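Have a look at the structure below before the remarks.
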Amino acid sequence: MEQIKADCMKQRGFRYVAYVVPDRPEPDLSTYEAMKTYRQKYGFGVFGQLVYPKDPLTGSAESARDASADDPNEVITRKLNNSQLSAYLEAMDACYEKAAKEVLHKEAGSEFEAVGLLQGARDDLEEAEINGDSELVVLVPAFADCLVAKGHRVPPAMLPTAMAKRGNDAFWDQMMALGNKKSKGAPPDLTPAQARPYLDREIKAALEDLECGKEFYTRFAPKRSSINARVWAEYGPLVGR
């Protein structure tokens, strides 16, 4: 895809260097034990982004910037004025669409659209294979009751996918509530030391969640890992993976 994009951009009068971002380490969440190892350090993976900002296993914005720091196209676009950049990005979308169609036979007019395709495919598989798994559905009530007994809030009648995301969502909402109120959606400006107490509480909650959901996650984790592997294999090249 990259070479097709570069050739297409050249034909449109722009310089683009074929470049593939190096693979970033991904957390292993494929088994209950692997999830436990991850959560002992990172909790649900929320405040860990502030405590370990350069650690790619947190998925932090800073680690993502570090991963693309050597992209020569960043230097090219930084030198463009607003009107030039607008024209450049318009050409890039057209070239991206051409490359996606020729190489992967996918309809995507931009990398943003490609991310939507990837997420849509993941959602469809999760709905069929996780929410449609009667054994996981049966395990949810006891999982929820255990969490409630430990003082956690659990909405009623949650689907397995929502149950698995409950803790992450709760701490993400907490982190956003601490953010800059003038910049809606911006993370809080906390140093690693300031964020550490929040992460400690998150780790405690994440391990309690895992303990209550041991039977649930033992079945859920390999299913979710298999879905992710299939989705990345099909759509990963669209987003530089």
Side-chain angles (χ1 to χ4, degrees), residues 24 26-29 32 34-65 112 115-116 118-120 122-127 130-131 136-137 139-214 216-217 220-221 223-225 227-228 231:
R24 298 176 64 195
E26 294 282 345
D28 177 11
L29 304 174
Y32 174 85
M35 290 181 70
K36 185 174 183 179
T37 298
Y38 179 84
R39 290 190 179 193
Q40 285 170 337
K41 181 175 181 179
Y42 302 107
F44 291 110
V46 179
F47 281 97
Q49 297 181 37
L50 302 179
V51 175
Y52 307 108
K54 291 188 173 295
D55 188 337
L57 293 181
T58 67
S60 69
E62 186 171 340
S63 68
R65 286 194 298 269
F112 180 79
V115 171
L118 185 153
Q119 187 58 56
R122 178 186 286 137
D123 289 346
D124 289 344
L125 287 171
E126 288 183 351
E127 183 61 32
I130 294 179
N131 290 340
L136 279 175
V137 172
L139 292 171
V140 168
F143 181 6
D145 288 346
C146 177
L147 286 171
V148 170
K150 290 181 180 293
H152 297 284
R153 181 180 175 277
V154 181
M158 297 192 80
L159 291 170
T161 50
M163 195 67 190
K165 285 175 72 256
R166 179 205 60 83
N168 180 281
D169 289 348
F171 278 90
W172 186 259
D173 288 346
Q174 184 182 142
M175 186 168 78
M176 289 300 100
L178 294 168
N180 186 340
K181 292 180 174 57
K182 293 181 181 179
S183 301
K184 191 175 181 180
D189 185 19
L190 300 177
T191 66
Q194 290 171 329
R196 182 77 232 188
Y198 294 99
L199 177 58
D200 288 342
R201 288 193 287 273
E202 181 184 335
I203 289 171
K204 180 178 183 294
L207 292 176
E208 288 179 346
D209 176 85
L210 203 60
E211 178 187 350
C212 284
K214 183 172 185 178
F216 174 90
Y217 285 120
F220 171 90
K223 279 181 169 287
R224 176 64 189 269
S225 181
I227 289 171
N228 282 338
V231 169

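Note that the structure is predicted; figures quoted are calculated from it, not measured.
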Considering only distance and modelled atom types, tabulate donor-acceptor pairs under 3.5 Å from the side chains of residues 140-152, sequence neighbours left out.
unit_1 : atom_1 : unit_2 : atom_2 : d
His152 : NE2    : Glu208 : OE1    : 2.6

Item checked: Polar side-chain atom of Gln49 near backbone of Gly45 as donor-acceptor pair, under 3.5 Å -> yes
Margin query: Taking the side chain as everything from C-beta on, heavy atoms only, tell me whether Leu199 gets closer than 4.5 Å to Tyr52.
Written below: yes
Checklist line | Atom NZ of Lys223 with >12 non-hydrogen neighbours under 6.0 angstrom | finding: yes
Check: Under 6.0 Å from the OH atom of Tyr32, do we count more than 12 heavy atoms belonging to anything else shown?
Finding: yes
Notebook entry, point to check: Aromatic rings Phe220 and Tyr217: how do their planes relate, parallel, tilted or perpendicular, breaks at 30° and 60°?
Noted result: perpendicular
Notebook entry, point to check: Got a sec, which pairs hit salt bridge (Lys or Arg N to Asp or Glu O under 4.0 Å) with one end in residues 45-54, sequence neighbours left out?
Noted result: Lys54-Glu62, Lys54-Asp66
Notebook entry, point to check: Does some side-chain heavy atom of Gln174 sit less than 4.5 Å from a side-chain heavy atom of Phe47?
Noted result: yes
Margin query: The criterion is side chain to side chain donor-acceptor pair (under 3.5 Å); which residues satisfy it with Tyr38, sequence neighbours excluded?
Written below: none
Notebook entry, point to check: CG of Asn228 to CZ of Arg122: how many Å apart, nearest 0.5 Å?
Noted result: 4.5 Å
Check: Shortest non-hydrogen contact from Arg39 to Leu210?
Finding: NH1-N, 3.7 Å
Notebook entry, point to check: Looking at Leu190 and Gln194, what are the two nearest heavy atoms and their distance?
Noted result: CA-OE1, 3.4 Å
Check: Below 4.0 angstrom, N of the basic side chain to O of the carboxylate: do Lys204 and Asp200 qualify?
Finding: no
Next item on the list: Can you measure from CZ (Phe44) to CG (Leu207) and round to the nearest 0.5 angstrom?
Entry: 8.5 Å
Next item on the list: Measure across Pro188 and Leu178 and return the closest heavy-atom pair with its distance rounded to 0.1 Å.
Entry: CB-O, 3.3 Å
Notebook entry, point to check: Can you name the closest pair of heavy atoms from Gln40 and Ile203 and give their distance?
Noted result: O-CD1, 3.7 Å
Margin query: Once side chain to side chain donor-acceptor pair (under 3.5 Å) is applied, do any residues pair with Arg166, and if so which ones, sequence neighbours excluded?
Written below: Asp209
Checklist line | Listed partners of Glu127 passing side-chain contact (heavy atoms from CB on, under 4.5 Å), at least two apart | finding: Asn131
Next item on the list: Decide yes or no for Asp55 and Ser63: does some side-chain heavy atom of the first lie under 4.5 Å from some side-chain heavy atom of the second?
Entry: no
Check: When rounded to the nearest 0.5 angstrom, what is the spacing between CG in Leu118 and CG in Asp123?
Finding: 9.5 Å
Notebook entry, point to check: Side chain of Glu202, backbone of Phe171: donor and acceptor closer than 3.5 Å?
Noted result: no
Next item on the list: Could you tell me whether the side chain of Leu29 reaches within less than 4.5 Å of the side chain of Arg224, counting heavy atoms only?
Entry: no
Notebook entry, point to check: Which residues pass the side chain to side chain donor-acceptor pair (under 3.5 Å) test with Lys214, sequence neighbours left out?
Noted result: none
Notebook entry, point to check: Looking at Pro192 and Pro53, what are the two nearest heavy atoms and their distance?
Noted result: CG-CD, 4.4 Å
Check: Any idea which heavy atoms bring Ala221 and Met35 closest together, and the distance?
Finding: CB-SD, 3.8 Å
Note to self: With rounding to the nearest 0.5 angstrom, report the OG1 to CG distance, Thr58 to Leu50.
What the structure shows: 9.0 Å
